Amino acid sequence: MSNLKKLNQIYEGKAKKVFATDSSDFYIVEYKDDATAFNGLKHGTIEGKGVINNKMSNLMFAMLEKNGVKTHFVEQLSDRETVVKAVKIVPLEIIIRNVAAGSFSKRYGVEEGTALKCPTLEFSLKNDALNDPLINDSHIIALGVATEKELEDIKNLAYKVNDVLKEFFAGIGVKLIDFKIEAGRLPDGEIILADEISPDTCRFWDAKTNEKLDKDRFRRDLGGVEEAYQEIFKRINSK
Ligand code: UDP
């Protein structure tokens, strides 16, 4: 894999760049330190974030693979670069919540930190111009965003990821409040886990103190942003 040639950039997102390679089966992703929030309204840099998110995502993907979840992860190339399977991303933000926080708390008037009686699943359509609107199952199928079978696979994938991650983070003294994942289609149509799993895309609270160890420190100007990313990464590596 490491002899793959990195070719032209095919996509630049808020936190990552994606490059074509000399094999149509693989891409190389490169993680940046850029941070955005509120659909790009707030911009900043989190020093060292790209390195932590790259390494942390890869550790999470490898652990999920061991637990039977198929992911796009192939091989880490450097501090910021990773080879992934080339997939077509399903344009949905797939969000699982164990505890009320963020937009869910606002939407339903539920205090942040309220434990939910069961994990919840929701979808947003990935579309910056429309502000990533919430979307339901019938809309997803009616609009052809995913088929009924794909939607079923995506839901099973999301709940499985939650089960594995929740248990893992509990073991390092961290509550997994909520997270966002993305799914991709392999050329044969199979749905696999893609994108990243990091403090940019998950809410992590210290199990004892409820201290926030994720991007909310940046979103809400709480300070100690870099330290929070480092703390999560340190705990993951202590396992
Ligand atoms: N999230 C994300 N990208 C987004 C929106 C949300 O990774 O564009 C993650 C976010 O970090 C959190 C979860 O999804 O872990 C739920 O976020 P929420 O809907 O509460 O949105 P927010 O309050 O961040 O606007």
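If you read the sequence from its start, that first residue is 1, and numbering goes on from there. No hydrogens, no waters, no symmetry mates; every other heavy atom, side chains included, goes into these values. Remember, predicted model here, so these are calculated numbers, not experimental data. Remember, it's 1-based here, ligands and their atoms both numbered in the order they're listed.
The number of heavy atoms from other shown groups lying within 6.0 Å of NZ (K88) does not exceed 12.
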Side chains of residues 164-175: which donor-acceptor pairs under 3.5 Å do they make with residues two or more places apart or in other chains?
from	atom 1	to	atom 2	distance (Å)
K175	NZ	N210	OD1	2.7

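D200 and Y229 are linked by a side-chain donor-acceptor pair at a separation below 3.5 angstrom, with hydrogens and angles left out of the test.
For ligand 1, the protein residues placed under 4.0 Å by at least one non-hydrogen atom are E93, I95, R97, A101, G102, S103, D178, F179, K180, D200, T201, C202, R203, R219.
Qualifying side chain to side chain contact (heavy atoms under 4.5 Å, CB included) partners for I192, counting only residues two or more places apart in sequence or in other chains: K70, H72, K85, V87, L186, E190. For the side chain to side chain contact (heavy atoms under 4.5 Å, CB included) test, residues two or more places apart in sequence or in another chain that qualify with K180 are E93, I95, E182, D195, T201.
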Test salt bridge (Lys or Arg N to Asp or Glu O under 4.0 Å) applied to R203 and D178, step by step: CA-CA 5 Å; R203 284 195 170 94; D178 58 28; 2.8 Å; yes

